[in-house]
Each structure stands twice: as structure tokens, then as C-alpha cells.
**Student:** 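Please find one structure pasted underneath; my questions will follow.
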Amino acid sequence: MEGKKPSMSVRPHVLVVAGSDSSGGAGIGRDIEVLASLGVNAALAITAVTAQTHSRVAAVEPMSPSLVSAQMEAALEAEPIDAIKIGMLGTSDIVEAVSTVLRRHLPIPVVLDPVLASSSGGRLMEEAGIAVLKRELLPLCRLVTPNWLELAILAATVTAGSEEEALDQGNLLLASGCHALLVKGGHAPDKRNSTDILLRRGHAPERFEAPRLDSRMRGTGCALASSIAAALARGLSLEESIAFGKRKVYHLLREADAEHPAA
Ligand code: PXL
């Protein structure tokens with residue numbers, strides 16, 4: 001399934017399917033910023049508008065599923081789309097609508113950041129959407145990038161207390177039809193390294209490490225999934241794309257810390 005030949009000359013296009021965050025910390029604003037910094041054009045399908053500060057979700061208004069589909073179809077018609085990055089979806093009807101469009105356009109590689117809640121704890125996906133996401137959307141994705149909290153919800157269990165438990169939960173999801181899972185270690189107890197683990201059926205787990213930075217930057221999940229999608233859009237392999245994304249986020253965190261040093 002690894003795509004086309006690597007191309008560095010033409011600006012690739014990534015279609016971002018995600019919600020907006022008025023604080024600018026996360027969501028589609030972060031995606032566009034990261035893609036632009038990587039020389040990749042962003043086509044957009046907005047799924048929801050949210051009103052947020054850095055510590056609170058004040059309001060969420062999902063788009064109609066037909067408007068989300070229409071944005072995706074128009075973006076796919078307007079430009080040759082090399083990869084799709086999906087973030088917040090919000091409702092089960094939007095998950096259905098997005099899955100239907102994707103089925104028409106596979107094998108474009110799809111990276112799904114399964115956004116269920118904001119880092120401040122506000123809900124960004126309705127309860128009923130989780131089952132639909134697992135059943136309809138996960139099997140269509142080249143890569144799904146849950147953190148430990150999202151992984152536990154998707155695996156219908158409690159948050160892992162160890163890496164071994166997180167991998168067991170990941171393997172459960174793989175068995176239920178997901179092709180590849182990047183289990184992000186942001187919530188792991190390791191204080192020195194941030195380790196993300198790639199799980200694929202028939203492959204040994206692969207570890208991607210970076211020094212852990214004590215940063216408060218929001219939107220790191222958006223940034224990672226967008227960077228991976230950008231690399232896939234340039235024709236890199238899945239492993240190369242994850243390694244690239246991990247490095248990009250490490251550098252973003254270092255830049256954010258340099259601008260706002262810890263008090
Ligand atoms: O980082 C996850 C995320 C994704 N999309 C939107 C968000 C957030 C977190 O706050 O607000 C719109």
C-alpha cells in the first residue's frame with residue numbers, strides 16, 4: 001500500500017478534515033500552520049466550530065454532515081489530494097458522512113487523530129460517534145494515532161497503567177480491523193523519553209523516541225498527525241513519515257518553550 005515516488009519539487013496537497021479552535025492552540029488552525037511550515041498546501045473540510053480558551057471548551061457547533069461531505073468532495077475535485085488528515089469529527093453522522101466520502105476516494109492515505117476530548121477535558125465527540133468511528137472509519141485509515149486516554153475509550157476499557165497494558169489495548173483494536181496504530185506515549189510514566197509505538201498486524205511493534213519536553217503547548221496531536229500526513233503526501237513510507245512527524249513535533253515543542261520559558 002506504500003504510495004507514489006517521493007517528490008520534493010511539486011507542493012503536495014493534504015486535505016484536512018477537522019474542527020476549529022478559537023484559541024488557536026489546536027484544531028484546524030494548528031494543522032494549517034504545520035502544513036504551511038512544511039511546504040504543503042492544505043485543502044479544508046471544517047467539521048465543527050468550537051469556542052475555546054486554553055482551559056475550557058465554551059461552545060461546540062457541528063457542521064451538517066452534508067456540508068462536511070460537500071467540502072471534502074469539492075476539495076478532492078479542486079486539487080489532486082495526496083493525503084488526508086482527520087481530526088475532530090464531533091458527531092456520529094459526520095463520522096458516517098466522512099467514511100462514505102473516503103470509500104469513494106481510497107487509496108489516498110488517511111491519517112486519523114481520533115479526537116474525543118480537548119486537553120482541557122471538554123468533550124469533542126458525542127458518545128454515539130465512538131462506535132461508528134470504530135466500525136466505519138478505522139478500517140479506512142492508513143494510520144490511527146490515539147494517546148492512552150483515546151486508546152482506552154476505543155478499546156472500551158480503563159486507561160492503561162503501563163506500556164504493556166497500552167500495547168494490549170492497541171492489539172485489541174488491530175484485531176478489530178484497524179491497519180496501523182501509533183500508540184502515543186504522552187501519558188506514559190517515562191519522564192525522560194516520549195515514545196510512540198507503531199503496531200501493525202504481522203509486524204513487530206516499532207518504537208519512535210524523542211526526548212520528553214515539559215511543554216504546555218496544545219495541539220501536539222494535531223501537529224503530529226498533520227506532519228505524518230505531509231510526509232505520506234510526499235511519498236515517504238509509513239515508518240519514515242512517523243519518524244519525520246515525531247522530529248517535527250519535537251522541534252515545535254522546543255520552539256514553543258523558547259518563546260515561553262517555564263516560570
Ligand atoms: O488537539 C485535539 C483537538 C482537535 N481539534 C480541536 C480541538 C482539539 C483540542 O482542543 O479543539 C478543534
Side-chain angles (χ1 to χ4, degrees), residues 14-37 42-65 67-68 71-72 83-95 97-98 110-127 129-130 133 137-138 141 143-154 159 181-187 194 196 213 215-230 245-246 248-250 252-253 255-256 260:
V14 168
L15 169 58
V16 183
V17 182
S20 71
D21 167 3
S22 46
S23 76
I28 204 158
R30 175 73 73 193
D31 295 315
I32 297 167
E33 184 183 279
V34 168
L35 291 170
S37 78
L44 306 178
I46 299 202
T47 55
V49 174
T50 77
Q52 298 189 54
T53 66
H54 292 307
S55 57
R56 184 172 67 93
V57 178
V60 176
E61 196 150 320
M63 300 293 106
S64 71
L67 182 58
V68 176
Q71 291 176 81
M72 289 179 72
I84 300 177
K85 184 254 146 143
I86 302 178
M88 174 185 176
L89 293 171
T91 69
S92 53
D93 287 349
I94 294 177
V95 177
V98 168
V110 179
V111 179
L112 170 69
D113 179 17
V115 175
L116 303 178
S118 75
S119 39
S120 63
R123 200 171 189 121
L124 298 176
M125 167 65 89
E126 67 180 6
E127 181 73 34
I130 294 168
L133 184 133
L137 186 53
L138 255 54
C141 297
L143 181 69
V144 184
T145 63
N147 60 34
W148 283 19
L149 305 179
E150 293 155 350
L151 181 63
I153 293 169
L154 293 172
T159 308
L181 208 63
L182 186 67
V183 175
K184 295 183 293 192
H187 297 89
S194 148
D196 300 343
L213 294 171
S215 171
R216 275 168 296 172
M217 186 182 119
R218 294 179 52 235
T220 51
C222 304
L224 179 68
S226 283
S227 311
I228 295 172
K246 189 86 182 142
K248 174 70 183 172
V249 170
Y250 174 73
L252 284 174
L253 289 170
E255 279 168 28
H260 302 286

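Both counts, for ligands and for their atoms, begin at 1 and track the order of listing. When reading the values below, keep in mind they use all heavy atoms of this one structure, side chains included, and skip hydrogens, waters and symmetry mates.
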**Student:** Excluding sequence neighbours, so at least two apart, what forms side-chain hydrogen bond (donor to acceptor under 3.5 Å, both in side chains) with Asp196?
**Tutor:** Lys246
**Student:** Assess, by modelled atom type and distance only, whether the side chains of Thr220 and Lys184 contain a donor and an acceptor separated by less than 3.5 Å.
**Tutor:** no
**Student:** For a quick check: using heavy atoms under 4.0 Å, what are the residues in contact with ligand 1, sorted by chain and number?
**Tutor:** Gly19, Ser20, Asp21, Ala26, Gly27, Gln52, Met88, Val115, Ser118, Leu124, Arg218, Cys222
**Student:** List in chain and number order the residues that pass side-chain hydrogen bond (donor to acceptor under 3.5 Å, both in side chains) with Thr91, two or more places apart in sequence or in another chain; answer none if no residue qualifies.
**Tutor:** none
**Student:** Any donor and acceptor pair, going by atom type alone, linking the side chain of Ser226 with main-chain N or O of Ala223 inside 3.5 Å?
**Tutor:** no
**Student:** Gln52 versus Arg218: any side-chain heavy-atom pair under 4.5 Å?
**Tutor:** yes
**Student:** I'd like to check the side-chain hydrogen bond (donor to acceptor under 3.5 Å, both in side chains) partners of Thr159; sequence neighbours left out, ordered by chain and number.
**Tutor:** none
